[in-house]
Number of protein chains: 2
Amino acid sequence: MGSTTRGRIDKRQAILEGAFTVFARQGYAQACVQEIAAEAGVAKPTVYNHLTDKATLFRHAMKASARTALEERLAALEPLAQPGDDLAAVLTDVGHALLRLHAGGRWCALRRLLYAEITHFPDLLEITDQYGPDRLNQALADRLARLTLAGRLRAADPDLAAEQFTSLLLGPLEARTRLGTRDLEDAELRELAESAVRTFLIAWG
Amino acid sequence: MGSTTRGRIDKRQAILEGAFTVFARQGYAQACVQEIAAEAGVAKPTVYNHLTDKATLFRHAMKASARTALEERLAALEPLAQPGDDLAAVLTDVGHALLRLHAGGRWCALRRLLYAEITHFPDLLEITDQYGPDRLNQALADRLARLTLAGRLRAADPDLAAEQFTSLLLGPLEARTRLGTRDLEDAELRELAESAVRTFLIAWG
DNA sequence: CAGAATTTGAACTCATGGGTTCAACATAGT
DNA sequence: ACTATGTTGAACCCATGAGTTCAAATTCTG
């Protein structure tokens with residue numbers, strides 16, 4: 001009930017990390033609390049001491065991971081704040097970074113878990129609202145609006161432009177990786193980013 | 001072992017339909033064979049008579065549904081064979097039809113099930129290869145290639161063009177429906193199709 | 001219509017895993 | 001150094017549901 005010490009915070013953190021790892025590998029239903037405990041390096045009763053039950057554990061683990069995933073993607077947008085002369089090159093770098101993140105095993109697994117459980121866990125709807133694609137699109141739309149005001153783009157509807165930009169990146173990625181089950185070479189990710197930026201700039205540049 | 005009569009084929013068909021309905025509603029793990037039997041209007045041992053076990057049932061149900069989903073989407077592309085004078089209008093109609101299909105409850109559920117179980121059921125990889133987004137993109141690419149040869153489009157890379165077209169449609173849809181958990185008004189689907197076609201034709205028209 | 005095949009309802013076996021208990025041990029705080 | 005708190009390993013209880021059994025009923029076939 002009271003504040004927990006750093007050591008105990010670390011244990012809870014280890015449990016959440018271990019939980020996400022096991023949920024990512026096996027899915028919610030097939031993941032055993034005993035395995036999660038083992039992955040976290042604690043005893044099973046300790047898991048229950050920190051998190052009430054398996055479903056609570058899942059919610060917390062997913063929230064922590066979704067937050068981290070969004071933070072990483074928002075960080076990938078930062079070069080757009082100071083794009084310099086070659087906007088196409090910066091957009092391509094940003095696109096490439098977003099593709100790498102999206103293709104990463106951990107975020108593929110997060111996506112699968114979200115799809116798998118979103119109808120069973122109402123919390124995941126809220127998590128998706130707070131940390132999902134809309135948030136990334138909003139941040140990107142802000143950037144595109146600024147670039148439009150600076151005369152660098154012609155995005156009268158920055159929300160639509162942002163949405164189309166991320167779609168041009170992630171749609172092909174998802175199809176080519178068969179829903180995230182296959183890796184792509186980094187060169188292919190780069191080409192994909194280039195193609196997306198080319199189409200985007202023809203339409204909105 | 002021998003051929004089954006029409007009545008028996010119908011029973012097996014009812015089982016597969018009932019199975020998909022229950023899997024779609026509850027997910028693989030939470031779906032009970034007893035409930036599937038009830039949905040199909042048969043006794044539980046009858047389910048086991050026709051399909052060996054729950055996993056086999058799941059694979060067959062998913063394959064049947066994925067095939068139907070692809071057939072419906074391929075059918076939605078048919079207007080592109082004879083587009084008439086107003087290609088933008090036909091592309092918009094086709095896009096609108098694809099969005100409606102994609103947003104339909106049944107195919108949302110199929111997608112969720114594919115994401116949820118694709119790492120547990122290798123068959124789903126094959127099903128995705130045979131009936132998944134790539135198939136739709138290939139068929140669309142064929143159409144776009146023909147339209148390019150006819151001087152209607154400038155799609156030197158019809159595969160990429162097709163991929164971008166479906167991405168411009170489905171990416172925004174998936175974000176706006178929060179992974180298929182919310183409905184959109186048909187007017188919004190129409191607007192989405194129009195926006196996608198507008199960008200597509202600027203880039204590839 | 002008789003025989004074969006399938007389906008049925010109810011009960012059953014069995015495995016699995018969520019969650020709990022508890023005395024002993026380890027760690028943290030005063 | 002003592003007390004409080006947290007953790008531990010092992011065993012446990014309990015619910016759930018996959019899959020099976022079986023005699024009787026129903027449906028199908030020739």
Side-chain angles (χ1 to χ4, degrees), chain A residues 1-62 113 116-117 119-121 123-124, chain B residues 1-62 113 116-117 119-121 123-124:
Chain A
M1 288 26 221
S3 66
T4 51
T5 65
R6 173 166 175 70
R8 292 163 187 176
I9 290 175
D10 287 345
K11 199 160 291 250
R12 180 187 162 87
Q13 198 58 37
I15 291 169
L16 288 177
E17 271 296 306
F20 184 77
T21 299
V22 176
F23 287 134
R25 187 167 67 229
Q26 289 164 252
Y28 175 75
Q30 277 68 50
C32 303
V33 178
Q34 174 56 50
E35 275 185 85
I36 289 169
E39 182 76 30
V42 302
K44 191 161 74 157
T46 303
V47 175
Y48 287 96
N49 278 345
H50 286 269
L51 286 307
T52 314
D53 55 25
K54 187 180 179 185
T56 302
L57 179 56
F58 179 69
R59 289 195 212 94
H60 283 269
M62 290 293 281
L113 287 166
E117 303 301 335
T119 55
H120 304 129
F121 289 86
D123 284 36
L124 296 189
Chain B
M1 288 28 225
S3 65
T4 53
T5 65
R6 174 166 174 69
R8 293 165 188 172
I9 291 175
D10 285 348
K11 199 159 293 245
R12 178 187 164 89
Q13 197 57 39
I15 291 167
L16 288 178
E17 270 296 307
F20 184 77
T21 299
V22 177
F23 287 134
R25 187 166 68 228
Q26 289 165 253
Y28 175 76
Q30 277 68 49
C32 303
V33 177
Q34 174 56 51
E35 276 186 85
I36 289 168
E39 182 77 30
V42 304
K44 192 162 73 159
T46 304
V47 175
Y48 287 97
N49 279 345
H50 286 269
L51 288 305
T52 315
D53 55 24
K54 188 181 178 185
T56 301
L57 179 56
F58 180 69
R59 289 195 212 93
H60 283 269
M62 290 293 280
L113 287 165
E117 303 301 335
T119 54
H120 304 127
F121 289 86
D123 285 34
L124 296 189

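For clarity, every value in this text was computed on a predicted model and none was experimentally measured. Only heavy atoms go into these numbers, but all of them, side chains included; no hydrogens, no water, no symmetry mates. Order of the sequence lines sets the chain letters (A, B, ...), proteins ahead of strands, with each chain counted from 1.
- Not a single side chain to side chain donor-acceptor pair (under 3.5 Å) links A:E39 to another residue, sequence neighbours left out.
- Distance check, rounded to the nearest 0.5 Å: CD of A:Q30 to NE2 of B:H120 gives 5.0 Å.
- From B:L124, atom CG reaches atom CD of B:E117 across 7.5 Å, with rounding to the nearest 0.5 Å.
- Considering only residues two or more places apart in sequence or on other chains, A:D53 meets the side chain to side chain donor-acceptor pair (under 3.5 Å) condition with A:T56.
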With side-chain contact (heavy atoms from CB on, under 4.5 Å) as the test, would you mind laying out the steps for B:T52 and B:L57 before giving the verdict? CA-CA 7 Å; B:T52 315; B:L57 179 56; over 6 Å; no
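- Taking the ring-ring contact (aromatic ring centres under 6.0 Å, His included) definition, one finds that B:Y28 meets it with B:F23, B:F58, B:F121, sequence neighbours left out.
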With side-chain contact (heavy atoms from CB on, under 4.5 Å) as the criterion, how do B:H60 and B:R12 come out once you've worked through the C-alpha distance, each side chain's angles and the decisive distance to 0.1 Å? CA-CA 11 Å; B:H60 283 269; B:R12 178 187 164 89; 3.5 Å; yes
Table of protein N/O atoms under 3.5 Å from nucleotides 9-12 of chain D N/O atoms:
none

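- Of the residues in residues 26-36 of chain B, none has a non-hydrogen atom less than 4.0 angstrom from any atom of DNA chain C.
- Look at A:H50 and you'll find a side-chain N or O under 4.0 angstrom from OP1 or OP2 of D:dT7.
- For B:E35, the side chain to side chain donor-acceptor pair (under 3.5 Å) test picks out B:Q26, with sequence neighbours left out.
- For B:K54, taking side-chain heavy atoms from C-beta onward, the closest of the listed nucleotides D:dA18, C:dT7, D:dT7 is D:dA18.
- Residue B:D53 is classed as a sugar-phosphate contact, given heavy-atom separations below 4.0 Å to backbone atoms only.
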